[in-house]
Amino acid sequence: MALSSRAPLSVALVAFLVSTAAVAPAFAAKSAEAPFRPTTASGSLLAGRLAANLRDDDNAAAFYAQALRSGLFKDDQARQELTNRTFIALLTSGEMDKAVMFANRVIAIDKKNPIAHLVLGIRALKARNYNAARTELAFTLDKPILQLATPLISTWTYAGAGQTKKGVSATDDISSNDGFSTFKNFSAGMMLDLAGQHEEAIARLKDAHERDSNAVSVMDAYARALVRGGKKDEALSVLNDYAAKVPRQPIVASLISDIQAGKRIGPAVNSAQQGSADILISVAAGIAKQGGADYAVVFYRLALYLDGNNPNALIGLAELYSDLKQPEIAQQLFQAVPPSSPLKRNAEIELASTLDELDKTDEGVAHLKKIIATNPKDLDAIISLGGIYQTRKRWDEAVTAFSQAIDVIGTPSRNDWSTFYYRGIAYERTKQWPKAEADFKKALELYPDQPSVLNYLGYSWIDQGVHLQEGMDMIKKAVDQRPDDGYIVDSLGWANYKIGQYDEAVEQLERAVSLKPSDPTINDHLGDAYWKAGRKLEATFQWRHALDSKPEADEKAELELKMKQGMKDTASADASKAAEAPPKPTEQPKPAVETPTPVNAPKPADTTKPVDSPKPADAPKPPDAPKPAAPGSGG
């Protein structure tokens with residue numbers, strides 16, 4: 001069975017859906033409002049498929065179950081596929097008790113179904129029925145994707161049964177490359193520390209930490225083992241070294257505070273269930289980064305089934321649903337992070353951004369201001385506030401927020417380049433170019449050759465007709481670092497356009513369009529370059545494509561005018577026109593924008609969201625809220 005809820009339907013089901021296709025628009029129109037309940041089995045099936053495609057897992061589960069209850073689908077293949085779909089929808093929606101029930105149904109018709117066996121194995125593990133858990137997990141050990149997680153989960157069944165030595169031995173027996181060896185030692189080290197075997201735990205975790213000193217989960221588990229083994233000073237040294245690289249990391253700050261206060265320090269995990277949940281979270285985070293949302297949601301849900309209050313699972317799943325354009329679910333998950341967790345503040349900051357995604361911007365702003373009022377030096381909250389203002393093009397307020405952040409920073413370091421960069425953008429958009437230029441230069445002073453800053457400053461100079469060669473060199477250097485970034489390539493093409501090199505502009509802008517084919521601004525730029533190069537028919541086609549790509553209102557008006565009248569200046573390339581005004585009088589520089597570095601450094605179980613550069617014509621993407629620490633940092 002394919003895990004995706006969008007797996008191909010059987011011939012019988014396809015024929016049946018074609019005859020009822022009129023149901024789809026009705027659900028699409030209502031899916032964002034009150035739940036739509038079709039009155040026929042075919043309508044339920046089609047609505048379930050549409051809900052699954054929209055990642056509306058709750059409704060997908062309800063629709064599929066309704067279709068299955070109808071008894072209409074007698075064909076074995078059709079009924080089996082619908083049972084599978086219902087099972088997966090229940091699993092991804094978090095209805096675990098029902099998912100377990102359907103897992104048994106799936107096994108009855110597909111005895112080797114790996115996802116069903118995984119669910120039953122996790123159910124047995126949760127119930128501390130460790131032998132049964134190993135039996136179920138054995139069906140998954142050689143399956144792609146699952147083989148990343150289930151072998152290690154299986155070793156934790158020994159630890160749960162008090163057989164730590166056997167669990168560690170089973171961990172060592174898992175074949176792996178060097179990267180996975182780090183993770184094996186991390187898991188075995190936590191297992192040993194849970195059993196009170198501190199020296200052995202320290203040795204394993206030290207090895208994992210030396211292999212990946214940026215992994216906050218490994219560092220946290222290592223520091224805890226050191227304290228529990230009577231090596232408090234070594235633990236503080238490890239933590240302080242990490243804090244120097246990644247300021248304000250909440251897990252690190254909390255653990256340092258607890259150690260210094262003389263509090264009892266527990267192991268990274270307190271049970272086999274928590275250890276297994278951490279493995280699921282780690283794999284989910286890695287798969288999500290590679291675009292495997294279906295599997296990632298399943299693993300996060302199973303982790304929460306084992307450890308319902310795990311803040312990493314809640315935040316990781318919330319971020320994933322945010323990426324999947326389901327901010328309502330993300331909001332619920334952020335709100336569910338326990339108040340006792342060091343990551344609660346991170347969740348509250350991300351919640352504000354989620355409220356903004358839901359067009360509850362005033363509520364999100366008020367939420368951040370409340371956090372800042374409690375702690376006026378909360379740099380992450382202040383930067384996130386500035387990010388919301390930028391997203392909403394409230395540039396004056398963005399200037400104020402980022403200025404407040406810079407005041408809090410005091411003496412800036414390399415990590416602070418992005419705050420000056422963002423304030424520079426806000427200054428530029430409020431037509432305070434000297435201040436903007438100073439901030440861009442300061443960002444480059446802190447982080448030389450940072451590609452986003454090189455791109456923005458270089459483009460701005462060329463757009464103004466000053467420092468032409470230096471500006472072009474900056475943009476080329478940015479492209480060299482990010483040759484597949486459509487927005488930065490667009491800047492290079494547009495810079496060529498500005499200095500009259502139209503053939504070169506066409507070449508670069510065609511490449512930018514191939515990288516970002518649906519971006520209206522890049523298509524508009526290519527149309528302008530075609531026109532200047534004398535390729536008027538292609539220019540008209542490109543402008544039409546830009547119009548079809550849903551440009552903003554001012555850009556749409558410009559495009560419609562050019563579709564009617566063309567461009568006035570049809571002269572051939574002339575480098576002396578470098579200072580010529582752009583074809584869009586209201587147009588501002590459009591280089592790509594990078595999000596600031598998250599609070600957490602990269603880690604094996606990183607829950608950081610993948611970052612896409614924003615559309616050049618749009619407001620820059622706001623700074624991300626701090627991301628949670630990797631699994632294994634509880635206590």
Side-chain angles (χ1 to χ4, degrees), residues 3 57 61 86-108 113-141 143 145-164 166-167 170-171 187 190-191 194-195 266-285 287 295-317 333 336-338 341 605 631-635:
L3 175 61
D57 297 323
T86 306
F87 164 57
I88 294 300
L90 289 167
L91 183 54
T92 55
S93 67
E95 295 190 55
M96 301 307 300
D97 291 337
K98 293 180 181 178
V100 166
M101 179 181 68
F102 265 83
N104 283 303
R105 294 189 189 182
V106 170
I107 294 297
N113 186 289
I115 302 299
H117 281 294
L118 173 63
V119 169
L120 294 177
I122 295 299
R123 190 272 304 270
L125 178 61
K126 180 180 177 69
R128 293 178 167 78
N129 190 345
Y130 298 117
N131 288 332
R134 276 196 300 278
T135 299
E136 296 291 351
L137 292 172
F139 286 91
T140 72
L141 297 179
K143 306 303 180 192
I145 301 294
L146 298 184
Q147 67 186 5
L148 296 173
T150 52
L152 278 175
I153 293 174
S154 187
T155 67
W156 276 95
T157 63
Y158 293 112
Q163 299 174 297
T164 300
K166 196 168 185 178
T171 302
S187 184
M190 290 194 297
M191 200 179 295
L194 175 62
V269 296
N270 291 314
S271 67
Q273 287 70 30
Q274 284 188 354
S276 299
D278 276 1
I279 292 166
L280 288 163
I281 295 166
S282 300
V283 175
I287 293 173
Y295 276 103
V297 170
V298 166
F299 288 157
Y300 277 130
R301 290 296 190 187
L302 289 172
L304 288 170
Y305 183 53
L306 286 173
D307 186 13
N309 292 321
N310 190 303
N312 294 288
L314 289 166
I315 293 177
L317 186 56
L333 291 161
V337 174
S341 170
S633 54

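Quick caveat, the model's predicted, so the values are computed rather than measured.
Contact between S154 and R134 at its shortest, heavy atoms only, is OG-CG, 3.6 Å. Residue L314 comes nearest to P338 through the heavy atom pair CD1-CD, 4.1 Å, listed as atom of the first residue, atom of the second, then distance. Considering all non-hydrogen atoms of both residues, Y158 and A170 come closest at CE1-CB, 4.1 Å. Nearest heavy-atom pair across K143 and P114 is CG-CB, 3.7 Å. Across every non-hydrogen atom of G160 and A272, the tightest pair is CA-CB, 3.6 Å. Heavy atoms only, all atoms of each residue included: A124 and A133 are closest at CB-N, 3.6 Å.
No donor-acceptor distance shorter than 3.5 angstrom exists from the side chain of S276 to the backbone of Q273, with no hydrogens or angles considered. Side chain of T135 to backbone of N131: a donor-acceptor contact under 3.5 angstrom is found.
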Working for side chain to side chain contact (heavy atoms under 4.5 Å, CB included), residues F299 and L146: CA-CA 10 Å; F299 288 157; L146 298 184; 3.5 Å; yes
Between L302 and M96, is the side chain to side chain contact (heavy atoms under 4.5 Å, CB included) condition met? List the steps. CA-CA 8 Å; L302 289 172; M96 301 307 300; 3.5 Å; yes
Working note: L280 + I122, criterion side chain to side chain contact (heavy atoms under 4.5 Å, CB included); need CA distance, chi angles, decisive distance, verdict. CA-CA 10 Å; L280 288 163; I122 295 299; 4.1 Å; yes
Please determine whether side chain to side chain contact (heavy atoms under 4.5 Å, CB included) holds for the pair T150 and F139, giving the CA-CA distance in whole Å, both sets of side-chain angles, and the decisive distance to 0.1 Å. CA-CA 10 Å; T150 52; F139 286 91; over 6 Å; no
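If you run side chain to side chain contact (heavy atoms under 4.5 Å, CB included) between N113 and each of V119, V106, T140, only V106 comes through.
Remark: S271 OG to Q274 CD distance equals 4.5 Å, nearest 0.5 Å. Atom CE in M101 sits 10.0 Å away from atom OG1 in T86 (nearest 0.5 Å). To the nearest 0.5 angstrom, R123 atom CZ is 9.5 Å from D97 atom CG. Within the model, atoms CG of L152 and CE of M191 stand 7.5 Å from one another, a figure rounded to the nearest 0.5 Å. We find the OG1-CH2 distance between T164 and W156 to be 8.5 Å, quoted to the nearest 0.5 Å. For the atom pair CG of L304 and CD1 of I281, the computed distance is 7.0 Å after rounding to the nearest 0.5 Å.
By the 4.5 Å heavy-atom criterion applied to side chains, I315 and L333 are not counted as neighbours. Side-chain contact between D278 and N310 is present, with heavy atoms from C-beta onward closer than 4.5 Å. Between Y305 and K126, some side-chain heavy-atom pair lies under the 4.5 Å cut-off.
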